[in-house]
Amino acid sequence: MPLWQTIFLVTPVRTVVVLLVAPFVVAVFLALSARRAEAMRVAGLIGLTLYVLLVLVATFSLNRSEGGGGGLSLGSLGYLMSGGENLGSMEKDMIVRQSLANVLMFVPFPALIRLSWPRTGRWTALGACVLLTFLIETCQFLVGGGRVADVEDFLLNSLGGGVGLLVLVAAQAVCRVVGGGAGAGARRKREKRVTAGQRT
């Protein structure tokens, strides 16, 4: 199945489910990172490299029959939001799916950047996401070959980076809550042992 066809797997419901589950998945990796810092940093770098390559392949893969391009597009989401009278239901559905896919594509980046470089600030991670999508769209504008630079893609990818940052913040909150609860439980056990020792 060509990479572009994965867009058919994207639906609003699946998007919501993924975004609700994502903080807990990221929290697991952050917890592992706290215990095995170097191993998780290496794993994060490998994951980030592979994911960037996957995004580039998905972005630039085209049928050889396609040509032209190299222009600038303002996207189709605005047309849909203004009514899109000339669009059929399938076309509207594809615009929604494509928009959600563009957002989801950049959601993992802040977490992968944080795992790779734990001291990276939140805004730095978000800035890296925005810079990457800007470079991708600039390359599409310059190279052509059936691709165009899409302002809408840039905005949706950047939004995805922002959503990914919120996922990372939520994951860190989960780690604090779980870690705090585990720490409190360990303290209670120590206190009980001390009290039992004093009684004997």
Side-chain angles (χ1 to χ4, degrees), residues 1-12 14-16 18-19 22 26 44-84 86-87 90-117 120-169:
M1 180 173 70
L3 278 173
W4 70 267
Q5 289 187 7
T6 56
I7 197 171
F8 294 117
L9 302 175
V10 180
T11 66
R14 287 176 180 167
T15 300
V16 170
V18 166
L19 293 179
V26 174
L45 280 170
I46 293 171
L48 180 62
T49 302
L50 292 176
Y51 197 74
V52 168
L53 289 174
L54 178 65
V55 167
L56 292 176
V57 169
T59 302
F60 290 102
S61 62
L62 282 173
N63 296 330
R64 291 184 179 180
S65 59
E66 295 180 356
L72 180 66
S73 168
L74 299 179
S76 53
L77 187 59
Y79 182 69
L80 176 63
M81 295 185 73
S82 67
N86 298 326
L87 296 176
M90 282 189 64
E91 291 169 313
K92 291 178 181 179
D93 181 62
M94 283 302 294
I95 290 173
V96 170
R97 287 173 185 264
Q98 183 178 356
S99 299
L100 290 174
N102 275 320
V103 171
L104 288 176
M105 186 165 54
F106 273 69
V107 169
F109 276 112
L112 288 170
I113 290 170
R114 191 61 179 264
L115 286 172
S116 303
W117 298 285
T120 304
R122 294 171 182 170
W123 295 113
T124 303
L126 180 59
C129 295
V130 173
L131 178 61
L132 177 60
T133 186
F134 176 77
L135 291 174
I136 288 172
E137 296 304 323
T138 301
C139 287
Q140 290 183 136
F141 178 78
L142 296 174
V143 172
R147 303 296 298 187
V148 295
D150 197 321
V151 174
E152 182 182 291
D153 285 356
F154 171 75
L155 295 175
L156 291 172
N157 292 159
S158 300
L159 176 62
V163 172
L165 187 62
L166 292 177
V167 167
L168 177 60
V169 170

- prompt: Is the backbone of Leu9 close enough, under 3.5 Å, to the side chain of Arg14 for a donor and an acceptor to pair up by distance?
  reply: yes
query: Are the side chain of Ser116 and the backbone N or O of Gly44 linked by a donor-acceptor pair below 3.5 Å?
result: yes
field: Expected output: side-chain Asn102 to main-chain Asn157 donor-acceptor under 3.5 Å
entry: no
- request: Drop me the distance from Leu45's CG to Leu50's CG, to the nearest 0.5 angstrom.
  value: 11.0 Å
query: So, for Gly164 and Pro110, which heavy atoms are closest and what is the spacing to 0.1 Å?
result: C-CG, 3.6 Å
- line: Between the CG atom in Leu115 and the CG atom in Leu168, the distance rounded to the nearest 0.5 Å is 8.0 Å
query: What do the steps show when you test Leu19 against Leu104 for side-chain contact (heavy atoms from CB on, under 4.5 Å), and what is the final call?
result: CA-CA 9 Å; Leu19 293 179; Leu104 288 176; 4.2 Å; yes
- prompt: Does a side-chain heavy-atom distance below 4.5 Å link Ile136 with Val55?
  reply: yes
field: Phe109 side chain reached by Leu126 side chain, heavy atoms, under 4.5 Å
entry: no
statement: To the nearest 0.5 Å, atom CD of Gln98 lies from atom CG of Leu100 at 10.5 Å
query: Out of curiosity, Leu155 CG to Glu137 CD, how far, rounded to the nearest 0.5 Å?
result: 9.5 Å
message: Measuring only between side-chain heavy atoms, which start at C-beta, is Thr133 closer than 4.5 Å to Asp153?
response: no
Salt bridge (charged side-chain N to carboxylate O under 4.0 Å, His left out) partners of residues 93-106, not counting sequence neighbours, each pair once: Asp93-Arg97
query: Taking the side chain from Tyr51 and the backbone from Phe106, do they hold a donor-acceptor pair closer than 3.5 Å?
result: no
